[in-house]
Amino acid sequence: EVQLVESGGGLVQAGGSLRLSCAASGVTLDDYAIGWFRQAPGKERERVSIISRRDGSTYYEDSVKGRFTISSDNAKHTVYLQMNGLKPEDTAVYYCNARSYYYMYWGQGTQVTVSS
């Protein structure tokens with residue numbers, strides 16, 4: 001069974017850092033684009049960052065550019081999101097998404113809470 005498992009969320013103060021991990025099992029991600037999305041209560045799910053496992057190209061939402069860094073360890077089938085300079089508005093459930101031309105998978109989400 002294909003699974004994406006997020007980890008690394010938690011409670012931090014404003015200005016702190018967290019590193020989220022998305023580990024895949026049951027599938028190789030070599031041909032996928034891996035995205036991090038987040039959803040705050042009462043709001044729609046928002047795209048945060050994307051990395052292509054084919055060529056390593058990346059995308060960042062303007063609100064996180066310069067603070068977040070996405071990276072991939074292909075041998076471990078894991079994608080990371082390093083989050084620095086966290087702000088209260090970053091508080092949300094963060095979801096990992098893997099997408100190919102034919103398939104799409106979602107993780108269960110991990111909570112990130114940034115206090116003032």
Suppose we screen for side-chain hydrogen bond (donor to acceptor under 3.5 Å, both in side chains). Which residues come up paired with D73, at least two apart in sequence or across chains? none
Could you list the donor-acceptor pairs under 3.5 angstrom formed between side-chain atoms of residues 17-27 and any protein atom two or more places apart in sequence or on another chain?
from	atom 1	to	atom 2	distance (Å)
S17	OG	N84	OD1	2.9

Those residues that, when tested against E46, pass salt bridge (charged side-chain N to carboxylate O under 4.0 Å, His left out) (two or more places apart): R38
Got a sec, which residues hit side-chain hydrogen bond (donor to acceptor under 3.5 Å, both in side chains) with R99, two or more places apart in sequence or on another chain? none
Among all residues two or more places apart in sequence or in another chain, which pass the side-chain contact (heavy atoms from CB on, under 4.5 Å) test with D55? S52, S57
Which pairs count as disulfide bond (SG atoms under 2.5 Å apart) when at least one residue sits in residues 37-72, sequence neighbours excluded? none
Side-chain (T78) to main-chain (K76) donor-acceptor, under 3.5 angstrom: yes
Kindly compute the distance separating CG (N97) from CZ (R45), expressed to the nearest 0.5 Å. 8.5 Å
Counting only N and O atoms by type, is there a donor-acceptor contact under 3.5 Å from the side chain of E6 to the main-chain atoms of C96? yes
Going by side-chain hydrogen bond (donor to acceptor under 3.5 Å, both in side chains), name the residues that satisfy it together with Q3, two or more places apart in sequence or in a different chain. none
Which residues pass the salt bridge (charged side-chain N to carboxylate O under 4.0 Å, His left out) test with R67, not counting sequence neighbours? D90
What ring-ring contact (aromatic ring centres under 6.0 Å, His included) pairs are there with at least one residue in residues 51-95, not counting sequence neighbours? none
Cluster check V93, V112: I/L/V/M/F/W/Y, side chain < 4.5 angstrom: no
Applying side-chain hydrogen bond (donor to acceptor under 3.5 Å, both in side chains), can you list everything that pairs with K43, at least two apart in sequence or on another chain? none
Before giving the answer on side-chain contact (heavy atoms from CB on, under 4.5 Å), spell out for V79 and I70 the whole-Å C-alpha distance, their side-chain angles and the decisive distance to 0.1 Å. CA-CA 7 Å; V79 173; I70 191 169; 3.9 Å; yes
With clusters defined by side-chain heavy atoms of hydrophobic residues (ILVMFWY) lying less than 4.5 Å apart, directly or transitively, does L4 cluster with Y102? yes
Please find the pair of heavy atoms, one from G56 and one from I51, that lie closest to each other, and give the distance. O-CG1, 4.1 Å
Could you pull out all residues at least two apart from T91 that satisfy side-chain contact (heavy atoms from CB on, under 4.5 Å)? Q111, T113, V114
Nearest atoms (heavy-atom pairs only) where A40 meets A92: N-CB, 3.9 Å
If you compare all heavy atoms of L81 against all heavy atoms of S49, which two are closest, and at what distance to 0.1 Å? CD1-CB, 4.1 Å
Any ring-ring contact (aromatic ring centres under 6.0 Å, His included) pairs touching residues 6-49, not counting sequence neighbours? F37-W106
Taking all non-hydrogen atoms of both residues, which atom of S100 and which atom of D31 are closest, and how far apart? CB-O, 4.1 Å
Is the CD atom of Q13 crowded by more than 12 outside heavy atoms at less than 6.0 Å? no
Could you check if a side-chain atom of R53 sits within less than 4.5 angstrom of a side-chain atom of S72, using non-hydrogen atoms only? yes
